A.B. asks: 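The structure is given below, and queries will be raised subsequently.
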Amino acid sequence: MATGTEPPDTESHTVSGGVRTGTRAAIDAPHLRTDRWWLAPAATAAGLLAFIVYSTWRAFADTDYYAAPYVSPFYSPCLAERCAPMRHGPNWELFGSWWGISPAIIILIFPLGFRLTCYYYRKAYYRGFWASPPACAVAEPHKKYTGETRFPLILQNIHRYFFYAAILVAGILTYDTVLSFRNEKYEWGHMGLGTLVFLVNIVLIWAYTISCHSCRHIVGGKLRHFSKHPVRYRAWQFVGKLNARHMQLAWASLVSVALADFYVYLVASGAFDDPRFF
């Protein structure tokens, strides 16, 4: 008895590999969605592309990244000898005079590696750029699917190690935020608009970092009895609540770190004077 799902005998059924093979349901249309499903991946691609363009420009600019007491999060910690001197700031001259390009290239490897391997960002750029798949119930155009079992996508498995680096970077940015409670003469007990920008940014950075799936596993993984580990159980519950907002925190922290860098750029370039609250 015909069920309506057998491939037709005619040549109208396209066989192009992947999900569109002779074994799929006998539906000529690539999908049955009638909504504007392409808006979400298009918006995701546009947002990520905008950040890529901006961060690339700022990373290679190699200028206007420090205006006492503020240092751009893209350049902190500054690990090259050619960095702008920052009093009590994150100047760690691990790379000598032989390092000739922007010092931001050194440090950005770690937060970018953390975000690129993040579970949410994988979903975002898989859909936005690779169409793998572009949306739910929309077939991907690739003829073969290997998942994350081959190079380069197999490198996604090092996400847990980038998490440790992200914790270190977040700690350094916290130190930068503490230093922002100084004025341009390095005197303590002052707060400017930049201080507020840094505070918002570091809260979002920490919230995004600890809402990571790897953090959730580290906090509460491999426990057979939560009742015997009440502290870790409460921590696991807290991280789990943040994890439910991981997507929103990913976008919010991405915007906030770009705004913090842009604010430092405006102040350092002389285009804007940092207002002081006290």
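Keep in mind the model is a prediction, meaning the values are calculated, not measured.
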A.B. asks: The criterion is salt bridge (Lys or Arg N to Asp or Glu O under 4.0 Å); which residues satisfy it with Arg234, sequence neighbours excluded?
C.D. replies: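 For Arg234 there are no salt bridge (Lys or Arg N to Asp or Glu O under 4.0 Å) partners, ignoring immediate neighbours.
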A.B. asks: Within 45° of the axis and under 6.0 Å from the centre of the six-membered ring of Tyr208, does NZ or CZ of Arg115 qualify?
C.D. replies: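 Ring-cation test returns yes.
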A.B. asks: Hey, does Asn201 have a side-chain heavy atom less than 4.5 Å from the side chain of Leu259?
C.D. replies: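 With C-beta onward as the side chain, the pair stays apart.
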A.B. asks: For Pro85, is there any backbone N or O sitting under 3.5 Å from a side-chain donor or acceptor partner on Asn91?
C.D. replies: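 Such a contact is absent between Asn91 side chain and Pro85 backbone.
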A.B. asks: Are Val257 and Phe51 packed together at the side-chain level, in the sense that at least one heavy-atom pair is separated by less than 4.5 angstrom?
C.D. replies: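 The answer is yes, as the side chains (C-beta and beyond) meet within the 4.5 Å cut-off.
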A.B. asks: Taking atom CD1 of Ile167 and atom CD1 of Ile210, what is their separation to the nearest 0.5 Å?
C.D. replies: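 Those atoms lie 7.5 Å apart.
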A.B. asks: Return yes when atom CZ of Phe226 has more than 12 non-hydrogen atoms of other residues, nucleotides or ligands closer than 6.0 Å, and no otherwise.
C.D. replies: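 Check passes, neighbour count above 12.
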A.B. asks: Walk me through whether Thr44 and Tyr121 qualify under side-chain contact (heavy atoms from CB on, under 4.5 Å).
C.D. replies: CA-CA 10 Å; Thr44 297; Tyr121 279 107; over 6 Å; no
A.B. asks: Test Trp206 against Thr174 for side-chain contact (heavy atoms from CB on, under 4.5 Å), laying out the working first.
C.D. replies: CA-CA 9 Å; Trp206 273 114; Thr174 303; 2.7 Å; yes
A.B. asks: Mind checking what makes salt bridge (Lys or Arg N to Asp or Glu O under 4.0 Å) contact with Glu148, not counting sequence neighbours?
C.D. replies: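 Arg122.
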A.B. asks: Apply the test side-chain contact (heavy atoms from CB on, under 4.5 Å) to residues His159 and Ser214: give CA-CA distance (whole Å), side-chain angles for both, the deciding distance (0.1 Å), then the verdict.
C.D. replies: CA-CA 8 Å; His159 177 63; Ser214 293; 3.3 Å; yes
A.B. asks: Please check if atom CG in Asp35 has more than 12 non-hydrogen atoms from other residues, nucleotides or ligands closer than 6.0 Å.
C.D. replies: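 Counting neighbours around CG of Asp35, more than 12 heavy atoms of other residues, nucleotides or ligands fall under 6.0 Å, so yes.
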A.B. asks: Any side-chain heavy atom of Tyr65 sitting closer than 4.5 Å to one from Cys78?
C.D. replies: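 Yes - at least one pair of side-chain heavy atoms lies under 4.5 Å apart.
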A.B. asks: Does atom OH of Tyr161 have more than 12 heavy-atom neighbours from other groups under 6.0 Å away?
C.D. replies: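 For Tyr161, atom OH is not crowded (no more than 12 foreign heavy atoms under 6.0 Å).
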A.B. asks: Do Val53 and Trp57 come close enough that some side-chain heavy atom pair is under 4.5 Å?
C.D. replies: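 No - every pair of side-chain heavy atoms lies 4.5 Å or more apart.
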A.B. asks: Does any part of the side chain of Leu155, heavy atoms only, come nearer than 4.5 Å to the side chain of Thr117, both counted from C-beta?
C.D. replies: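 Sidechains of Leu155 and Thr117: no contact.
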A.B. asks: Between Leu116 and Trp130, is there a shared hydrophobic cluster once you connect ILVMFWY residues whose side-chain heavy atoms come closer than 4.5 Å?
C.D. replies: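 Same cluster: Leu116 reaches Trp130 through Ile, Leu, Val, Met, Phe, Trp or Tyr contacts under 4.5 Å.
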A.B. asks: About how many Å separate CG of Asp62 and OG of Ser102, when rounded to the nearest 0.5 Å?
C.D. replies: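 These two atoms lie 4.5 Å from each other.
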A.B. asks: Cluster question for you: counting only ILVMFWY and a side-chain heavy-atom cut-off of under 4.5 Å, with indirect links fine, are Tyr75 and Leu168 together?
C.D. replies: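 Tyr75 and Leu168: separate clusters.
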A.B. asks: For residues 175-184, which side-chain N or O atoms pair as donor and acceptor with protein atoms under 3.5 Å away, sequence neighbours left out?
C.D. replies:
unit_1 : atom_1 : unit_2 : atom_2 : d
Tyr175 : OH     : His88  : O      : 2.5
Asp176 : OD2    : Ser76  : OG     : 2.4
Thr177 : OG1    : Leu173 : O      : 2.9
Ser180 : OG     : Thr177 : O      : 2.4
Arg182 : NE     : Leu179 : O      : 3.1
Arg182 : NH1    : Arg87  : O      : 3.3
Arg182 : NH2    : Arg87  : O      : 3.4
Asn183 : OD1    : Lys185 : N      : 2.9
Asn183 : OD1    : Tyr186 : N      : 3.1
Asn183 : OD1    : Glu187 : N      : 2.9
Asn183 : ND2    : Glu187 : OE1    : 2.9
Asn183 : ND2    : His190 : NE2    : 3.4

A.B. asks: Would the number of heavy atoms belonging to other residues, nucleotides or ligands and lying under 6.0 Å from CZ of Phe262 be above 12?
C.D. replies: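 Incorrect, the count does not exceed 12.
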A.B. asks: In terms of hydrophobic clusters joined by side-chain contacts under 4.5 Å, are Ile101 and Leu94 together?
C.D. replies: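 Yes; Leu94 is reachable from Ile101 via cluster members.
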A.B. asks: I need the single residue from His217, His246, His213 that forms a ring-ring contact (aromatic ring centres under 6.0 Å, His included) with Tyr119. Which is it?
C.D. replies: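 Of all the options given, the one that passes is His213.
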A.B. asks: Apply salt bridge (Lys or Arg N to Asp or Glu O under 4.0 Å) to Arg58 and list each qualifying residue two or more places apart in sequence or on a separate chain.
C.D. replies: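 Arg58 satisfies salt bridge (Lys or Arg N to Asp or Glu O under 4.0 Å) with Asp261 once adjacent residues are dropped.
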A.B. asks: Could you give the distance from CZ (Phe162) to CD (Gln156), rounded to the nearest 0.5 Å?
C.D. replies: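 With rounding to 0.5 Å, CZ (Phe162) is 10.0 Å from CD (Gln156).
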A.B. asks: Taking only residues two or more places apart in sequence or in another chain, which ones pass salt bridge (Lys or Arg N to Asp or Glu O under 4.0 Å) with Arg160?
C.D. replies: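 Counting only residues at least two positions away or on another chain, Arg160 forms no salt bridge (Lys or Arg N to Asp or Glu O under 4.0 Å).
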A.B. asks: Within this structure, what is the CG-CG distance for the pair Leu249 and Leu254, rounded to the nearest 0.5 Å?
C.D. replies: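 Output value for this atom pair is 12.0 Å.
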A.B. asks: Is there a path from Ile154 to Ile158 through hydrophobic residues (I, L, V, M, F, W, Y) whose side chains come within less than 4.5 Å of each other?
C.D. replies: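 Different clusters: Ile154 never reaches Ile158 through Ile, Leu, Val, Met, Phe, Trp or Tyr contacts under 4.5 Å.
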A.B. asks: Let me see the working for Cys136 and Arg127 under side-chain contact (heavy atoms from CB on, under 4.5 Å), right down to the final yes or no.
C.D. replies: CA-CA 10 Å; Cys136 292; Arg127 290 188 173 188; 3.4 Å; yes
A.B. asks: Can you find a pair of side-chain heavy atoms, one from Tyr125 and one from Ile52, that are under 4.5 Å apart?
C.D. replies: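 Tyr125 does not reach Ile52 side chain to side chain.
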A.B. asks: Can you run down the salt bridge (Lys or Arg N to Asp or Glu O under 4.0 Å) pairs that involve residues 196-224, sequence neighbours left out, and say none if there aren't any?
C.D. replies: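 For residues 196-224: none.
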A.B. asks: At what distance, to the nearest 0.5 angstrom, does CZ of Arg232 lie from CD1 of Ile218?
C.D. replies: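 Here the rounded value is 10.0 Å.
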A.B. asks: If you measure SG to SG, does Cys212 sit under 2.5 Å from Cys118?
C.D. replies: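 Cystine link not detected, SG atoms outside the 2.5 Å cut.
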A.B. asks: Below 6.0 angstrom between ring centroids: does that apply to Tyr70 and Phe198?
C.D. replies: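 Centroid separation for Tyr70 and Phe198: below 6.0 Å.
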A.B. asks: Does Tyr265 have more than 12 heavy atoms from other residues, nucleotides or ligands lying within 6.0 Å of its OH?
C.D. replies: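 Check fails, neighbour count at 12 or below.
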A.B. asks: Is any side-chain heavy atom of Phe60 less than 4.5 Å from a side-chain heavy atom of Ile105?
C.D. replies: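 In short, these two side chains touch, coming nearer than 4.5 Å.
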A.B. asks: Do Cys215 and Phe163 make a side-chain contact, defined as non-hydrogen atoms from C-beta onward lying under 4.5 Å apart?
C.D. replies: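 A side-chain contact under 4.5 Å exists here.
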A.B. asks: Is the number of heavy atoms from other residues, nucleotides or ligands within 6.0 Å of CZ (Arg276) greater than 12?
C.D. replies: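 Result for CZ/Arg276: enclosed.
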A.B. asks: To check you understand the geometry: which heavy-atom pair defines the closest contact between Phe110 and Ala165, and what is its length?
C.D. replies: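 It is CD2-CB, 3.9 Å.
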A.B. asks: Is Ile205 reachable from Leu196 through a run of I, L, V, M, F, W or Y residues, each pair having side-chain heavy atoms under 4.5 Å apart?
C.D. replies: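 Same hydrophobic cluster.
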